[in-house]
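As structure tokens, the structure follows; a few thoughts come after it.
Residue numbers start from 1 in every chain, and the chains themselves are labelled A, B, ... in the order their sequence lines are given, proteins ahead of strands. Side chains are part of it too, since the values below use all heavy atoms of this structure and drop only hydrogens, waters and symmetry mates. It should be emphasised that the depicted structure is a prediction, and the values quoted were computed from it without experimental measurement.
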There are 2 protein chains.
Amino acid sequence: MNYQIELRHFIYFLAVAEELHYRKAAEKLFISQPGLSTQIKQMEGILQTQLFIRDKKKVRLTPAGDFLKGEVEFILNHLEQTKKQLKLIGEGHLGEIRIGFLGSAMQNVIPNLLLDLKEKFPFIHTSLEELSNKAQISAILRDKLDLGFVRLSRVPKGLKLKPVFEDTFSLVLPADHILNEKDFKSINQVATDDFILFSQDYSPQYYDTVLSICEDAGFSPNVSHKSVHAQTVFKLVENKLGIAIVPTALQYGFQMKVKFIELKKIKQRAILSMVWKEDNRNPVLQNCIDLLLKL
Amino acid sequence: MNYQIELRHFIYFLAVAEELHYRKAAEKLFISQPGLSTQIKQMEGILQTQLFIRDKKKVRLTPAGDFLKGEVEFILNHLEQTKKQLKLIGEGHLGEIRIGFLGSAMQNVIPNLLLDLKEKFPFIHTSLEELSNKAQISAILRDKLDLGFVRLSRVPKGLKLKPVFEDTFSLVLPADHILNEKDFKSINQVATDDFILFSQDYSPQYYDTVLSICEDAGFSPNVSHKSVHAQTVFKLVENKLGIAIVPTALQYGFQMKVKFIELKKIKQRAILSMVWKEDNRNPVLQNCIDLLLKL
DNA sequence: CTATCTGATAATTCATAGTTATTAAATACT
DNA sequence: AGTATTTAATAACTATGAATTATCAGATAG
């Protein structure tokens, strides 16, 4: 009759929304299929909104259902985070902060941040995860991540973006490439080489910047390969499958038969920024941001 | 045993946290005091954290409880907001509709539709794209577009077609063409001129109709150029590369040295229809269709 | 045309939220 | 001090409704 929505409904709903299959979803939840059916139907009744379209043999989300899926993911993630923090507070610790970062941030900003954090707030737990720009933004919006380190110039509404590290770019060449640092004058000298770049969708900002560097030099690069990890890019260069242009900081931390030539003269810079949700409720976050801005 | 937190717990918790008095909180919730006591206790068990300090006669929040109070308020508010939005989406008052149109629809139907839509459903977002007939049909079938505006007499199965605007045709002549509106009697007078038409595959319906107009007049037109954009057609006419026959509405909105002679007597009409997928589940779509049919 | 999927329905069971009745402890008032 | 009145917690019970089993009807595949 006059039921109320419960978290149980959300968990059931999410399972169906993910599987788009009642029996499979029910199995995953360790309940019976009829039970799941009635609960979802009840949920639709409470919300007075149809969430799924079932035309025998196919289950799909309605636009409303699709919207709710995003919200439910957010609510459940937020709740999970709240539970963890609650327990830490109960135990006298302070909390946890979940940080995402691009692989290229591991060389400088992240280690410093972690050391400082550990020193100032010894009871703060940190969880670290290497993710693409896009994945970080999505995780932050869904409250799966508190702080991200990305290379982007714009972020969706509701998120804050603050540059924290500016780096020059460097040319990456096979160790035995004819061009040497002392002979180097301009990247025009490698205009005809094949280029290996980070995937456009891993970091569109980086991609555009590298193209603009080449454009400024008066040529359009021949992109032979795209990759996601610096490791892979360097390996490809080492094997003479092409050359690359990457943030200079990446030269540290890899053991490869490649040489770096820093492009000091060009105006473009690799900018690493931190992102977070403006209305994030994690009390640890503000401390973390303040700390970083002082670095 | 192995209970799960439910929203009920949060609502009960909040009542106690506000009243700091079990009996009063229970009254407010219309449940009995022992029931409330056990639920709160159960909650503390699930969260493995003490939330209240009860030293007989006084109830206080622990620091953890204080933190949780803020979070619960946030979650319940967010949930309330989500429920409201969900209902709006379900009713089609909130959401997005993706509209495709032929350039020639931009003069009349589209602006009116958009204005009306904005007025009636201010929270609906629209995405607009100028596309050929063919491209619109293909996009609608793939669910990349919700609504299209085309000049076609038939559409593939599963799509619905509804005429929304009927227009006469007009002859388009260079400004200094010998033929004037007052001397005009029949298009036979321009039977020997070269014709510029919209490409057959941009709008086969239009193409056939123009041919039939000429046929009815007893001649077969000399087609010198074909183009996709009205802009281009008019430019070609302006430069005396030929004359054209286009829907009359196109005479507005272009700054060209051409003159229009409306073909009032001929029976053919330029019919603009809207197309959509019969089983499209976007709730905004139906509202949009209803609105247009009333126009 | 049968076999095998799908989700929905109906009847039933069973867990548990919430009930009433009561208790123990703390304060307030003669 | 002794009684009255308050508090939340405990115990025994009830009744709501979540979840189960059994079954059905429609869709698809072989």
Evaluation steps, salt bridge (Lys or Arg N to Asp or Glu O under 4.0 Å), between A:Asp66 and A:Arg60:
CA-CA 9 Å; A:Asp66 193 53; A:Arg60 283 178 299 152; over 6 Å; no

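Using the six-membered ring where Trp is involved, A:Phe52 and A:Phe13 have ring planes that are tilted, between 30° and 60° apart. Ring geometry for A:Phe198 versus A:Tyr206: interplanar angle over 60°, hence perpendicular rather than tilted (30 to 60°).
Atom CD of B:Gln42 is separated from atom C1' of C:dA17 by 9 Å (rounded to the nearest Å). Atom P of nucleotide D:dA27 and atom NZ of A:Lys58 are separated by 13 Å, given to the nearest angstrom. Rounding to whole angstrom units, CD of residue B:Gln4 and C1' of D:dA19 are separated by 16 Å. For the pair B:Ile5 CD1 and C:dA17 P, the computed distance is 11 Å after rounding to whole Å. Rounded to a whole Å, the OH atom of B:Tyr3 is 14 Å from the C1' atom of D:dA18.
The environment of CD in B:Glu119 is sparse: at most 12 heavy-atom neighbours from other residues, nucleotides or ligands sit within 6.0 Å. Other residues, nucleotides and ligands contribute over 12 non-hydrogen atoms within 6.0 Å of the NZ atom of A:Lys277. Within a 6.0 Å sphere centred on NZ of B:Lys87, heavy atoms belonging to other residues, nucleotides or ligands number 12 at most.
In terms of heavy-atom proximity, B:Gly148 sits nearest to B:Gln136 at CA-OE1, 3.0 Å. Across B:Leu76 and B:Leu7, no two heavy atoms sit closer than the pair CD2-CD2, 4.4 Å. Between B:Arg151 and B:Gln205 the shortest heavy-atom distance is O-CB, 3.0 Å.
Counting only residues at least two apart or in different chains, salt bridge (Lys or Arg N to Asp or Glu O under 4.0 Å) contacts with residues 27-47 of chain A comprise A:Glu18-A:Lys28, A:Glu19-A:Lys28, A:Arg23-A:Glu27, A:Glu44-A:Arg54.
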Filtered N/O pairs between nucleotides 9-13 of chain C and protein, under 3.5 Å:
| from | atom 1 | to | atom 2 | distance (Å) |
| --- | --- | --- | --- | --- |
| C:dT9 | OP2 | A:Lys41 | NZ | 2.7 |

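Contact annotation: A:Arg54 reaches the phosphate of C:dA8 (side-chain N/O to OP1 or OP2, under 4.0 Å).
Non-hydrogen atoms lying under 4.0 Å from DNA chain D are contributed by nothing in residues 6-15 of chain B. Less than 4.0 Å separates DNA chain C from at least one heavy atom of each of the following residues of residues 19-31 of chain A: A:His21, A:Tyr22, A:Arg23. Near DNA chain D, meaning a heavy atom under 4.0 Å away, there are no residues from residues 43-53 of chain B.
Residues satisfying the side-chain contact (heavy atoms from CB on, under 4.5 Å) test with B:Thr82, not counting sequence neighbours, are A:Phe67, A:Leu68, A:Glu71, B:His78.
Candidate nucleotides D:dT20, C:dG18, D:dA18 were compared by shortest atom distance to the side chain of A:Ser32, and D:dT20 ranks first.
In this structure, B:Ile75 CD1 and A:Leu79 CG are separated by 4.5 Å, a value rounded to the nearest 0.5 Å.
No side-chain donor-acceptor contact under 3.5 Å links A:Asn77 and A:Glu73.
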